[in-house]
Number of protein chains: 2
Amino acid sequence: MVSIPTAPAWTPSDAPMRTQVSAYIKSLQSHIVESLEILDKDAPFKRDAWERAEGGEGISCVLASGKVLEKAGVNISIVHGRLPPAAIKQMRADHDEIPYDPESGKSLPFFAAGISLVIHPRNPHVPTVHANYRYFEITEEGSGDAARVDDQKKVLAWWFGGGSDLTPSYLVEDDAKHFHRTLKNACDAHGVDMYPAFKKWCDEYFYLPHRKETRGVGGIFFDDLSSAPHKRLPPSAPKPSTPEEIFTFIRTCGDAFIPSYVPILAARSDTPFTEEQRRWQLLRRGRYVEFNLVYDRGTKFGLQTPGARIESILMSLPETARWEYMSDMGEEGTEEGKLVEVLKTARDWV
Amino acid sequence: MVSIPTAPAWTPSDAPMRTQVSAYIKSLQSHIVESLEILDKDAPFKRDAWERAEGGEGISCVLASGKVLEKAGVNISIVHGRLPPAAIKQMRADHDEIPYDPESGKSLPFFAAGISLVIHPRNPHVPTVHANYRYFEITEEGSGDAARVDDQKKVLAWWFGGGSDLTPSYLVEDDAKHFHRTLKNACDAHGVDMYPAFKKWCDEYFYLPHRKETRGVGGIFFDDLSSAPHKRLPPSAPKPSTPEEIFTFIRTCGDAFIPSYVPILAARSDTPFTEEQRRWQLLRRGRYVEFNLVYDRGTKFGLQTPGARIESILMSLPETARWEYMSDMGEEGTEEGKLVEVLKTARDWV
């Protein structure tokens with residue numbers, strides 16, 4: 001029986017939000033990596049700190065060829081720079097508080113901090129999991145170095161985004177229920193309309209139109225969470241609104257990651273499996289690759305960003321994936337078919 | 001010693017071009033499949049004929065888990081239908097002979113026929129190869145069933161496209177030279193400016209910007225070949241111009257496929273290889289997946305087309321691919337590094 005470590009306590013401070021978010025994601029990264037290392041003692045994570053020439057830093061924690069975890073990556077990145085006019089224009093669609101003068105052609109300073117993780121376990125009975133929590137802000141020009149993290153500049157626009165979703169190769173209903181219930185509890189503490197809205201958003205976002213199936217059994221997905229009314233939430237819905245309230249919500253979700261997933265990992269990692277089940281798992285990983293390379297906005301945006309760290313962006317891809325023409329696996333009435341069925345019609349789990 | 005079958009003789013006819021192209025690609029498909037079956041006797045191709053609800057048909061010939069060929073697909077498709085105004089507008093950028101009235105919102109009948117093949121051999125010393133030859137036409141409205149293949153309608157616009165390119169995991173310079181020389185000879189018979197222009201176009205097209213490398217050692221790539229001046233060829237360059245001349249050029253290229261590739265396949269399939277070399281091959285196949293899913297226009301267009309046959313479009317993906325974070329393979333001074341170097345700077349092979 002594995003005992004699940006609890007997240008470290010958080011001490012509120014009056015530091016700028018960028019500083020607090022940076023401290024939190026660093027602490028969450030350590031907590032997640034150490035918790036996973038308890039489960040896969042033979043293959044410790046490699047910790048890889050990097051700097052971005054254009055401004056910023058990151059830490060990638062990566063595990064390959066473990067006994068329990070085939071490939072896992074837990075990344076944080078804390079970057080800053082200038083946002084070109086075209087990007088500003090696009091962002092204004094969801095954030096009309098961003099100042100934009102089409103005539104001036106001016107860029108604006110931005111800051112972004114986030115944690116992103118993907119875990120591909122070895123055993124086909126253990127689902128793949130993904131989570132990501134992030135903070136973005138646009139500021140006025142600073143007095144000194146325009147992009148310094150500790151430079152006190154007026155924040156013109158800010159928002160949080162994130163989510164977590166589960167991708168099984170074989171459906172274990174209890175696991176899907178546990179994962180969703182844990183996320184729902186995290187959300188409900190901050191407003192009961194959030195889980196249903198973000199659960200639906202997750203089903204819509206992690207969808208492969210060309211396969212007519214969702215990537216997995218979902219979870220939650222949200223973006224653009226700020227003080228402004230949110231287009232996915234009823235106008236009257238109670239929701240966290242101040243930066244501090246939303247940051248507290250984000251921490252609740254981030255801290256829920258380990259309890260949402262590690263019990264599943266611990267319970268199923270020793271389940272015996274066949275070569276055929278491994279083959280099916282690799283076929284499902286092919287679909288994971290298809291989603292990430294064809295549809296995932298974060299991946300696409302990353303690949304197009306000059307100077308982006310490709311190794312960190314593509315860390316989400318599995319160690320091995322497989323494609324068969326007209327595969328005979330996944331037929332109705334089989335265990336594989338049971339998964340396919342649930343991917344065709346999103347289900348309510350709690 | 002494998003004797004390489006020669007392509008069947010072609011009998012000119014005065015049938016409409018769509019009929020002639022359809023007959024040729026069917027004949028070329030049989031020729032290629034039968035030639036490959038000589039080399040991998042234990043794993044015959046599965047022949048899979050299909051029909052498209054929206055109009056048209058195809059034959060997919062697919063081999064999986066062969067001894068020599070790990071995965072191979074040789075597809076033809078002969079489809080027709082109606083082109084929506086948005087697609088017409090886009091195509092006019094390269095074909096101003098297409099009538100387009102932005103006010104009318106009218107669609108136009110189209111016809112498309114093509115052969116497309118990808119071969120992923122098992123041995124890491126044998127390169128992957130891809131080839132594709134296609135014909136497209138837009139016609140005026142027919143008197144009867146607007147899209148029937150044998151309906152004699154005035155062709156308003158037509159063009160050919162195609163090419164073939166080689167993707168080794170390990171660089172064998174003689175193989176790259178042989179492949180390019182065979183394609184150059186095929187081109188030179190129809191105009192000596194074509195090979196240099198289409199070789200350059202191939203290097204530009206099969207390029208992964210996020211990896212800053214080409215997919216492989218190239219070959220030829222061309223599109224929009226019609227009677228009109230071609231934007232990639234000098235105005236004074238001799239080039240095939242009538243539909244019959246261009247169709248003859250296409251047949252020369254198509255017939256060159258077997259001599260360009262099969263000698264390499266035959267010579268290297270028994271080369272001994274290590275587990276490490278196999279691992280490198282799977283990493284390179286990961287890059288192949290990246291190119292096809294992120295950049296290839298044909299794949300992207302296919303995935304977005306309602307009613308498209310996904311299994312045929314994604315047939316190009318390898319059976320297995322691999323991704324490692326910050327892989328230690330491909331360092332300078334190694335055999336793997338030698339390949340990486342040649343992908344960074346396109347080379348002249350003939």
Side-chain angles (χ1 to χ4, degrees), chain A residues 45-46 48 50 60-65 70-75 118 120 208-213 278-279 282-283 285-296 299-328, chain B residues 45-46 48 50 60-65 70-75 118 120 208-213 278-279 282-283 285-296 299-328:
Chain A
F45 279 77
K46 274 194 290 193
D48 195 5
W50 48 268
S60 295
C61 296
V62 181
L63 183 154
S65 303
E70 185 167 348
K71 188 172 173 190
V74 186
N75 277 356
V118 177
H120 295 288
L208 290 84
H210 69 278
R211 299 291 190 178
K212 296 189 178 67
E213 58 184 40
R278 172 72 176 162
R279 185 179 140 217
L282 298 184
L283 287 170
R285 293 209 164 141
R287 302 292 169 98
Y288 208 87
V289 171
E290 288 175 28
F291 180 83
N292 286 19
L293 293 182
V294 180
Y295 301 108
D296 187 57
T299 306
K300 284 171 83 156
F301 179 79
L303 294 183
Q304 286 160 16
T305 305
R309 193 166 187 270
I310 298 304
E311 291 291 327
S312 298
I313 295 164
L314 296 184
M315 181 207 68
S316 64
L317 301 181
E319 188 171 83
T320 311
R322 185 178 173 88
W323 285 270
E324 297 175 3
Y325 174 79
M326 303 287 275
S327 179
D328 57 348
Chain B
F45 278 78
K46 273 195 289 193
D48 195 6
W50 48 268
S60 295
C61 296
V62 181
L63 182 154
S65 303
E70 185 166 348
K71 188 173 174 189
V74 186
N75 277 354
V118 177
H120 295 288
L208 290 84
H210 68 278
R211 298 290 191 180
K212 296 189 179 67
E213 58 184 40
R278 172 73 176 161
R279 186 180 139 216
L282 298 184
L283 288 170
R285 294 211 163 140
R287 303 292 168 98
Y288 208 88
V289 171
E290 288 175 27
F291 180 83
N292 286 19
L293 293 182
V294 180
Y295 300 108
D296 186 58
T299 306
K300 284 171 83 157
F301 179 79
L303 294 182
Q304 286 161 18
T305 305
R309 194 166 186 270
I310 298 304
E311 291 291 326
S312 298
I313 295 163
L314 296 183
M315 180 206 69
S316 65
L317 301 181
E319 188 171 82
T320 311
R322 185 178 174 88
W323 285 270
E324 296 175 3
Y325 174 80
M326 303 287 275
S327 180
D328 57 347

Is chain A contacted by the side chain of [X], its backbone, both, or neither, given a heavy-atom distance below 4.5 Å?
X      : value
B/L282 : neither
B/A64  : neither
B/L314 : side chain
B/E319 : both
B/R211 : side chain

Task: Selection from B/E290, B/K300, B/R285, B/K46 maximising heavy-atom pairs under 4.5 Å formed with chain A - done: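 Sorted descending by pairs with chain A, the first entry is B/E290.
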- prompt: What residue in B/S60, B/A308, B/G286 has the most heavy-atom pairs under 4.5 Å with chain A?
  reply: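 The option with the most such pairs is B/S60.
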Worksheet item: Can you say whether A/E324 sits under 4.5 Å from chain B via the side chain, the backbone, both, or neither, judging by heavy atoms?
Response: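 For A/E324, the contact with chain B is made by the backbone alone.
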Looking only at heavy atoms, which two atoms of [X] and [Y] are closest? And how far apart?
X      : Y      : result
A/Y325 : B/R309 : OH-NH1, 3.0 Å
B/M326 : A/D48  : CE-OD2, 3.9 Å
A/T320 : B/T320 : CG2-CG2, 3.4 Å
B/A321 : A/W323 : CB-CZ3, 4.1 Å

(Q) I need the A/L293 CG to B/Y295 OH distance, nearest 0.5 Å. (A)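 Reported value, rounded in 0.5 Å steps: 9.5 Å.
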### Task
With rounding to the nearest 0.5 Å, note down the distance linking CG in A/L208 to CD1 in B/I310.
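Going from CG on A/L208 over to CD1 on B/I310, the span is 10.0 Å.
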Subject >> Top contributor to chain B contacts, counting heavy-atom pairs under 4.5 Å, from A/V294, A/T299, A/L283 >> reply: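 It is A/V294.
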